[in-house]
Amino acid sequence: MDTITEKQQKKDEQQQADFLPINGTDHIEFYCGNAKQSAYYYQSAWGYELVAYAGPETGVRDRASYVLQQNKIRLVLTSSILPDSDINEHCVRHGDGVKVLALEVNDATAAFEETTRRGADPVLKPVKMKDEHGEVVISAIRTYGDTIHKFVERGKYKGPFLPGFQARKSDVPVRPIGLQVVDHCVGNVELGQMNRWVKFYEDVMGFKLLITFDDKDISTEYSALMSKVVSNGSGFIKFPINEPAKGKRKSQIEEYIEFYKGAGVQHIAVLTNDIIATVTELRKRGIEFLHVPDNYYDTVWDRVGKINEDVNEIRRLNILVDRDDEGYLLQLFTKPVQDRPTVFYEIIQRCGARSFGKGNFKALFESIEREQANRGNL
Ligand code: FE2
């Protein structure tokens with residue numbers, strides 16, 4: 001039996017071994033065609049509050065950025081206001097999409113040095129920025145496609161977002177829907193690239209491989225994919241990485257890669273503690289979800305057993321259910337949230353389960369294939 005001191009020592013060693021301690025997701029930044037209108041959508045439909053803004057009125061000459069927040073989830077929506085810019089290039093190539101997955105760290109300089117020393121492609125050397133609210137340090141490295149990871153050190157900062165941003169409130173009536181925190185962010189990468197990016201997260205960022213799904217787990221008649229989930233030392237950050245696998249027809253990952261023009265963020269899973277309330281509101285506000293046929297519920301309870309929620313409500317709202325050794329989870333996926341069949345959201349409630357809903361893959365992928373067929377992309 002370990003003594004308490006030995007246990008503490010082991011814990012300290014583990015923490016020392018984690019060369020990239022991460023406190024959580026700091027923010028997710030989208031480059032989009034019209035940030036002003038997207039901000040309205042996230043406020044009115046998704047219940048995010050506008051908390052900060054940067055643009056011409058605050059002395060920023062080339063872009064406008066809206067910072068939206070709901071509990072611990074922070075989205076930044078950015079549009080270029082000039083014709084020639086990286087932002088516009090990104091939008092022309094990818095459509096509206098995620099540019100930055102920002103991670104909150106205690107030391108953005110060490111995060112940059114540790115990761116670049118291990119082979120990360122640098123994007124931004126550590127810079128200190130100050131205003132009347134304090135100081136932050138930011139650095140950045142590349143990940144898959146044109147996506148980057150920013151490291152944000154904000155321990156000495158009290159402002160609404162970052163220096164250069166001003167606190168902002170809008171007149172849009174906002175009713176939050178109970179979204180709490182980012183649960184996981186999934187990346188789609190090109191055929192044959194999954195292991196390369198898993199290795200990147202392992203070697204360069206010190207993540208661990210959590211789960212592997214192969215095409216036997218995730219295939220339907222037409223479409224297949226492979227997926228590996230990596231997670232950081234604290235377990236707060238989970239990045240599943242998908243690649244297409246050979247199927248009879250074009251897989252959903254291939255469709256994404258074709259329309260996103262390369263690798264990128266496929267979906268962001270946001271956690272709620274009351275999925276029935278969250279999804280009831282989202283449906284009322286016109287958010288479109290993938291549909292699973294009613295016969296899904298003929299067998300689901302045999303598979304997952306008893307749950308605490310009202311099963312009639314679960315069925316009415318078309319919410320999916322799965323169970324693992326530790327408990328169960330409830331989840332639901334939106335249709336893509338822009339015209340290209342690319343980024344979408346997952347709403348998830350965890351009741352003990354720490355997995356990703358493997359039991360729902362088949363029903364889900366058949367639903368995605370129906371959507372692909374509607375788009376003429378199957
Ligand atoms: Fe997911």
Side-chain angles (χ1 to χ4, degrees), residues 45-46 177-180 183-184 186 211 213-225 227 229 240 242 247-249 251-253 255 266-337 341 344-375 378:
W46 288 86
I177 53 163
L179 302 181
Q180 302 296 326
D183 185 88
H184 58 275
V186 182
I211 314 171
F213 302 108
D214 62 21
D215 52 352
K216 281 178 230 57
D217 296 316
I218 324 183
S219 72
T220 62
E221 190 189 349
Y222 294 137
S223 164
L225 69 86
S227 188
V229 184
N242 299 331
K248 267 193 202 164
R249 302 269 186 98
S251 79
Q252 49 169 306
I253 312 303
E255 187 197 34
Q266 179 210 35
H267 76 266
I268 299 163
V270 286
L271 192 82
T272 170
N273 297 325
D274 184 352
I275 199 166
I276 290 180
T278 300
V279 173
T280 298
E281 269 309 307
L282 285 171
R283 285 199 182 279
K284 252 192 239 168
R285 300 178 194 186
I287 297 299
E288 297 174 313
F289 292 96
L290 287 177
H291 182 79
V292 293
D294 221 36
N295 65 14
Y296 169 87
Y297 298 94
D298 295 348
T299 55
V300 71
W301 309 118
D302 299 336
R303 179 160 63 80
V304 301
K306 264 185 94 65
I307 63 167
N308 297 327
E309 289 69 21
D310 180 343
V311 296
N312 294 319
E313 284 292 278
I314 295 292
R315 184 179 188 140
R316 182 180 68 83
L317 294 165
N318 207 234
I319 291 168
L320 308 176
V321 197
D322 197 26
R323 184 178 283 280
D324 64 23
D325 297 343
E326 294 170 285
Y328 66 92
L329 63 82
L330 303 155
Q331 64 186 167
L332 188 55
F333 297 82
T334 71
K335 292 186 183 179
V337 292
F344 59 89
Y345 285 93
E346 172 182 352
I347 316 294
I348 183 165
Q349 179 180 344
R350 293 188 178 279
C351 304
R354 290 197 286 177
S355 52
F356 296 86
K358 183 174 149 179
N360 291 321
F361 287 167
K362 191 166 188 295
L364 209 55
F365 293 172
E366 284 169 355
S367 170
I368 291 174
E369 281 163 13
R370 284 192 293 278
E371 298 289 326
Q372 273 182 264
N374 283 340
R375 294 190 281 262
L378 186 62

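Bear in mind the structure is a predicted one, so any value in this text is a computation, not a measurement. Worth knowing before you read on, the calculation uses all heavy atoms, side chains too, and leaves out hydrogens, waters and symmetry mates.
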Atom pair [atom1] ([X]) and [atom2] ([Y]), whose distance is rounded to the nearest 0.5 Å:
X      : Y      : atom1 : atom2 : value
Thr278 : Ile348 : OG1   : CD1   : 12.5 Å
Leu320 : Ile347 : CG    : CD1   : 12.0 Å
Ile319 : Thr280 : CD1   : OG1   : 7.0 Å
Leu282 : Thr334 : CG    : OG1   : 9.0 Å

Under the side chain to side chain donor-acceptor pair (under 3.5 Å) test, residues paired with [X] that sit two or more places apart:
X      : value
Arg316 : Glu313
Ser367 : none
Gln266 : Asn242

Non-neighbouring partners of [X] that pass salt bridge (charged side-chain N to carboxylate O under 4.0 Å, His left out), sequence neighbours left out:
X      : result
Glu281 : Arg175, Lys284, Arg285
Glu326 : Arg354
Arg350 : Asp183

Subject >> Pairs touching residues 303-312 that satisfy salt bridge (Lys or Arg N to Asp or Glu O under 4.0 Å), sequence neighbours left out >> reply: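 Matches after skipping sequence neighbours: Arg303-Asp322.
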
Subject >> Pairs flagged by ring pair (Phe, Tyr, Trp, His ring centres under 6.0 Å) wherever residues 271-292 is involved - sequence neighbours left out >> reply: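 Those involving residues 271-292 do not exist here.
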
**OP:** Would you list the pairs meeting ring pair (Phe, Tyr, Trp, His ring centres under 6.0 Å) in which at least one residue belongs to residues 294-337, sequence neighbours left out?
**Re:**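 Only His267-Phe333 qualify under ring pair (Phe, Tyr, Trp, His ring centres under 6.0 Å).
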
**OP:** For Glu366 and Arg370, run salt bridge (Lys or Arg N to Asp or Glu O under 4.0 Å): C-alpha distance rounded to whole Å, both residues' side-chain angles, the deciding distance at 0.1 Å, then the answer.
**Re:** CA-CA 6 Å; Glu366 284 169 355; Arg370 284 192 293 278; 5.3 Å; no

Original post:
What residues form a ring pair (Phe, Tyr, Trp, His ring centres under 6.0 Å) with Tyr345, not counting sequence neighbours?
Top reply: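 Applying ring pair (Phe, Tyr, Trp, His ring centres under 6.0 Å) to Tyr345 gives Trp46.
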
Subject >> side-chain contact (heavy atoms from CB on, under 4.5 Å) involving Asn295 - partner list, sequence neighbours excluded >> reply: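 Here the qualifying residues are Pro293, Asp298.
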
**OP:** List for me each residue that meets side-chain contact (heavy atoms from CB on, under 4.5 Å) alongside Asp325, sequence neighbours excluded, and say none if there are none.
**Re:**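 Listed in chain order: nothing, the list is empty.
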
